[in-house]
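Labels below follow one simple rule: chain letters A, B, ... track the order of the sequence lines, proteins then strands, and each chain is numbered from 1. Both backbone and side-chain heavy atoms feed into the values below; hydrogens, waters and symmetry mates do not. In this text the structure is predicted, and so the values were computed from the model without any measurement.
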Protein chains: 2
Amino acid sequence: MNLEDLRVIKTKTNLQSTLIELLKEKPLEKVTVTELCRLSGITRRTFYLHYENVPKYFGEIIEQLMDELEQSMQKTTNYRLLNYQQLDPKMIHLFEHIYNNKEFYQFIFNNNSNFAYYEMFFKRIKRFVKSSMESMDLINEITDFEVSYQANAILGIILEWYYQDFQKSVADMNLILLKVLKL
Amino acid sequence: MNLEDLRVIKTKTNLQSTLIELLKEKPLEKVTVTELCRLSGITRRTFYLHYENVPKYFGEIIEQLMDELEQSMQKTTNYRLLNYQQLDPKMIHLFEHIYNNKEFYQFIFNNNSNFAYYEMFFKRIKRFVKSSMESMDLINEITDFEVSYQANAILGIILEWYYQDFQKSVADMNLILLKVLKL
DNA sequence: AACTATATTATACAAGTGTGTAATAATTTT
DNA sequence: AAAATTATTACACACTTGTATAATATAGTT
């Protein structure tokens, strides 16, 4: 038995590319299932066979982005997030990934966006922060509150970057994070 | 000329109380304008004369909640958020307010929620953190990045509290915040 | 109390939503 | 290559949405 039917793959890739195209013209909340399907050349019925609605569907695309985010962060396996003393240039990968995918992160932080997207982001950062903390501090137990605190703090910086329209360079963001962690 | 017509006040209070009632039965995304208006005894046309749609309308109610939040925080004007040395019992007002309005905060953090609600929350916490930081540190300039970092960090703790279904007591949360800020 | 302003209603319409059913077509399995 | 499986289609249905228009009712103003 195959993992995915060829037909399914075809419909899904069709849908995804037309959605990406549509999002260059209009915000997500203006994309209707009807239009998406008409442009993709598939029936609405088929869409609903796979997904609930447009925002939930977009959530799947965001999950793909989050996989890439995680890979970016894992490039810096041995980097210690809270080791303020030395600036590791590898650390730059997090902000680099975000900058390279600005458009998607703008959808996540957009006013009409779904909170679920933010949560996906949050969860991945938490995972990264947790392993960073654990590799640093082998003595004490790290609580979920500490992890959520640190992870969401970093997200706060990223949010601020977004609010300032990604004016700051990736290198600047790197320094800002280090400075703020030291605080 | 009056600030608000009596008729307007009547429709708005009607709508609000029926919405609150409806939200005890079903999630926000299942509330339709049609049902809301039928139960409120007003026409759909009237609803659209005042609001855009149900989620945006609910945003107005959240703004009211945010006003209450800000009042709670202002009760502790002289409390210094980052003064780790002494635990001020007044500080409890923040978590107290959240606990007393659990149901609303569950709507904000809910998976199908609008990111706009989170942002409203974030903005208020930022304002509080900014003034706290400014009253502490009169020498250095405080950047927006530092404020967003601290504010969202606190929101991270609140989010974790929500994930753990508000099991921890208000007093516990108070201690957790202090401990984590000291970290 | 009469006049003016405007909020609300009644009604209608084109469009989109989510779901059901049976027929058809493409893919996988044997 | 034939059979079995299942994704997709075609069509239909009740429902919701957002907007338009004219009539009505209710408030505020003089």
### Message
Once you apply a heavy-atom cut-off of 4.0 Å, does B/I42 come out as touching a base, just sugar-phosphate, or nothing?
### Response
sugar-phosphate
## Note on the structure
Heavy atoms of B/L28 and B/F58 approach each other most closely as CD2-CD2, 3.7 Å
### Task
Would you kindly give the CD-to-C1' distance between A/E4 and D/dT6, to the nearest whole Å?
13 Å
### Task
Report yes if a side-chain nitrogen or oxygen of A/T43 is closer than 4.0 Å to either non-bridging phosphate oxygen (OP1 or OP2) of D/dT8; otherwise report no.
no
### Query
When the distance from CG of B/D5 to P of D/dA25 is rounded to whole Å, what number comes out?
17 Å
### Query
Any Lys/Arg nitrogen of B/E146 or B/K130 sitting under 4.0 Å from an Asp/Glu carboxylate oxygen of the other?
no
### Message
Rounding to an integer number of Å, can you tell me how far A/R45 CZ sits from C/dT24 P?
### Response
18 Å
### Message
Side-chain N or O of B/Y48 versus OP1/OP2 of D/dG18: is the shortest distance under 4.0 Å?
### Response
yes
### A/T11 vs D/dA7: side-chain N/O to OP1/OP2 distance below 4.0 Å
no
### Task
Establish, with yes or no, whether the OP1 or OP2 oxygen of D/dC15 is under 4.0 angstrom from a side-chain nitrogen or oxygen of B/T34.
no
### Message
Using whole Å, what does the distance between atom P of nucleotide D/dT26 and atom CD1 of B/I9 come to?
### Response
16 Å
### A/F115: which of B/Y162, B/F107, B/F122, B/Y118 passes ring pair (Phe, Tyr, Trp, His ring centres under 6.0 Å)
B/Y118
## Note on the structure
Whole-Å distance, A/K30 NZ to D/dT17 C1', equals 13 Å
### Task
Let me know the distance between CD of B/E35 and P of D/dT16, rounded to the nearest Å.
8 Å
### Query
Should A/K10 be listed as having a side-chain N or O under 4.0 Å from OP1 or OP2 of C/dA26?
no
### Summary
B/L36 atom CG is separated from D/dT16 atom P, nearest whole Å, by 12 Å
### Task
Identify, between B/R44 and B/K12, the residue whose nearest nucleotide on DNA chain C lies closer to the 5' end.
B/K12
### Message
Given the ring of A/F121, does A/K123 sit roughly above its face, with NZ or CZ under 6.0 Å from the centre of the six-membered ring and within 45° of the axis?
### Response
no
### Query
Counting only side-chain N and O atoms of A/H50, is one of them less than 4.0 Å from OP1 or OP2 of D/dA7?
no
### Task
Using a cut-off of strictly less than 4.0 Å, decide whether A/T32 has a side-chain nitrogen or oxygen near OP1 or OP2 of C/dA15.
no
### Task
Flag the pair B/F95 / B/K168 as yes when at least one side-chain heavy-atom distance between them is below 4.5 Å, and no otherwise.
no
### Query
Looking at C/dG20, D/dA7, C/dT27, which one has an atom nearest to any side-chain atom of A/L6?
C/dT27
### Summary
Note: for B/N53 and B/R7 on DNA chain D, the residue whose nearest nucleotide lies more 5' is B/N53
## Note on the structure
From OH of A/Y51 across to C1' of C/dT19 the rounded distance in Å is 19 Å
